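Taking it in order: structure first as structure tokens, then the write-up.
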Protein chains: 2
Amino acid sequence: MGPRGSEVWHTMLDGAEAILREEGHAELTSRRIAERIGVKQRLVYYYFHTMDDLVVALFQRLSERELSRLNDALEAEHALREIWDTNVGSTDARLISEFMALANRIDALRAEVVHFIEAARAIEIEAIETALKRRAAKSETSAPALAIIASSVALTLTRERQLGVSLGHEEVLKMVERFFLTVED
Amino acid sequence: MGPRGSEVWHTMLDGAEAILREEGHAELTSRRIAERIGVKQRLVYYYFHTMDDLVVALFQRLSERELSRLNDALEAEHALREIWDTNVGSTDARLISEFMALANRIDALRAEVVHFIEAARAIEIEAIETALKRRAAKSETSAPALAIIASSVALTLTRERQLGVSLGHEEVLKMVERFFLTVED
DNA sequence: GTCTATACACCGATAGAC
DNA sequence: GTCTATCGGTGTATAGAC
């Protein structure tokens, strides 16, 4: 396995990520990656033993960045709102759906996905608990339940917006806004 | 295009659906379908001009069945609970994720997915409105918002259960149960 | 309606030179 | 570390016989 973390290594993952976002996993081949970043196909197999390894590494890199981002948000004043806005505003639903389909097939990727979901949820639960405590409001509300609801809805809104569906979106956004007003300023 | 709705036509879609559920779209090829149902590959192209056509037809068949099921549930006494239980209990999250990824690539499929989401949501909104009216409770609650929340959460719970994640599931199920007790006896 | 046979493209992966 | 060259396999799709 080639030097993990090297410049070329990152360049290859950059190319792979762009292909996955723009064209989907059917086009995510060693040849397309090499063509895109201007090297020969053989080199991809120098840095990643198999294409599955490359996909797992790509998800790991993305997962680490996202978890780091979530941890940073935890320090912000309005952590909840920041997490929500980012999830709804800059999540790439297509990228996620491609990874989900790939995880059905690649065991190592599925393990990474599970780890990410659990780690992200733990952070989000913490953000919600902090917000609820600060307002000392509705202590009977379950933070884990809210965490699942919020992340589920955020993903759905993003996916549907990208598909071109908007039925009910306005109403749910209003409801979320009302919730924020009760727990954060 | 071969006889749509004929016996062989359905057999082919049955095989395709099984492959998609069990092995994913990477294995959904004309050769594998033919092998699985015991015909020659050429025949697949007699009934479906292209593999994309087959995928679209498969989703349409599934979509029609699901919408019909939802409409039937609307007639039941506890429509909401029935819809919820089916969504959480017998939805195949893997099948959905495979279709989602395919929809990123196949325009005609994306159009079918959009139609399904909108039709299903309309039915679910109706079920929620009926339940809310019957109890004359919380008339300020938005049915479209609840519809999005419920379907989002149901899909997440199903997907995560199949992945092996359970963090927060118990809490959200309790919350749903409490909601049912307030609108449906 | 179902078959045999095949054209053609592209894939993952490896051998081995420089 | 990057390359040329290549192998074996599989995919979509079509020509055309029966």
Side-chain angles (χ1 to χ4, degrees), chain A residues 1-20 22-59 98-99 101-110, chain B residues 1-59 98-99 101-109:
Chain A
M1 190 90 83
R4 186 182 180 97
S6 69
E7 198 178 335
V8 178
W9 184 89
H10 276 291
T11 306
M12 283 188 180
L13 291 189
D14 290 343
E17 187 175 326
I19 291 170
L20 210 51
E22 298 163 14
E23 308 168 44
H25 67 273
E27 301 298 322
L28 187 63
T29 70
S30 55
R31 285 174 164 80
R32 288 279 295 106
I33 294 171
E35 178 195 12
R36 183 168 187 122
I37 67 176
V39 298
K40 296 299 172 181
Q41 184 223 5
R42 180 66 177 82
L43 206 57
V44 175
Y45 289 94
Y46 174 75
Y47 284 89
F48 305 93
H49 281 173
T50 68
M51 281 302 294
D52 285 1
D53 287 345
L54 183 146
V55 169
V56 172
L58 176 58
F59 184 84
E98 298 290 344
F99 273 120
L102 286 166
N104 289 332
R105 182 172 64 75
I106 306 171
D107 287 346
L109 178 59
R110 179 165 52 243
Chain B
M1 191 92 82
R4 186 182 180 98
S6 68
E7 197 178 335
V8 178
W9 185 89
H10 276 290
T11 307
M12 283 187 181
L13 291 189
D14 290 344
E17 188 175 326
I19 291 170
L20 209 52
R21 285 183 197 274
E22 298 162 15
E23 308 167 43
H25 68 272
E27 301 298 321
L28 186 63
T29 71
S30 55
R31 291 186 208 273
R32 287 278 296 108
I33 294 171
E35 178 194 11
R36 182 168 187 120
I37 67 176
V39 298
K40 296 300 171 179
Q41 185 224 4
R42 180 67 178 85
L43 206 57
V44 174
Y45 289 94
Y46 174 74
Y47 283 90
F48 305 92
H49 281 171
T50 68
M51 281 302 293
D52 285 2
D53 287 345
L54 182 147
V55 169
V56 173
L58 176 57
F59 183 84
E98 298 290 346
F99 273 121
L102 286 166
N104 288 332
R105 182 173 64 76
I106 305 170
D107 287 346
L109 178 59

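The shown structure was predicted, so the numbers you read here are calculated from the model rather than taken from an experiment. In what follows, every chain begins at residue 1, and chains take the letters A, B, ... in the order their sequences are listed.
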Is the shortest side-chain N to carboxylate O distance from A/E35 to A/R31 below 4.0 Å?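 Answer for the salt bridge query: no.
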
Ion pair A/R36/A/E22, N-O distance below 4.0 Å: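 Result for this pair is yes, salt bridge flagged.
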
What residue among A/L13, A/L102, A/L109 forms side chain to side chain contact (heavy atoms under 4.5 Å, CB included) with A/L58? A/L13

Write down the distance between [atom1] ([X]) and [atom2] ([N]), rounded to a whole number of angstrom.
X	N	atom1	atom2	result
A/L28	C/dG12	CG	P	8 Å
B/E23	D/dG11	CD	P	11 Å
B/F48	D/dG11	CZ	P	18 Å
B/R31	D/dT14	CZ	P	14 Å
B/Y45	D/dG16	OH	P	19 Å
A/Q41	C/dC10	CD	P	13 Å
A/H49	D/dG1	NE2	C1'	14 Å
A/M51	C/dC10	CE	C1'	13 Å

Shortest non-hydrogen separation from A/I33 to A/M51 and the atoms involved: CD1-CE, 4.1 Å

Quick check: closest heavy atoms across B/A26 and A/R105, and the distance to 0.1 Å?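 Here B/A26 and A/R105 meet closest at CB-CD, 4.1 Å.
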
Which of the following nucleotides, [options], is nearest to the side chain of [X]?
X	options	value
A/K40	D/dC3, C/dG12, D/dA13	D/dC3
B/V39	C/dT2, C/dC3, C/dA15	C/dC3
A/Y46	C/dC3, D/dT6, D/dG1	D/dG1
A/S30	D/dG11, D/dG1, C/dG12	C/dG12
A/L43	D/dG1, D/dA13, C/dT4	D/dG1

So, OP1 or OP2 of D/dT2: does either fall under 4.0 Å of a side-chain N or O from A/R42?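 No, no such contact exists.
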
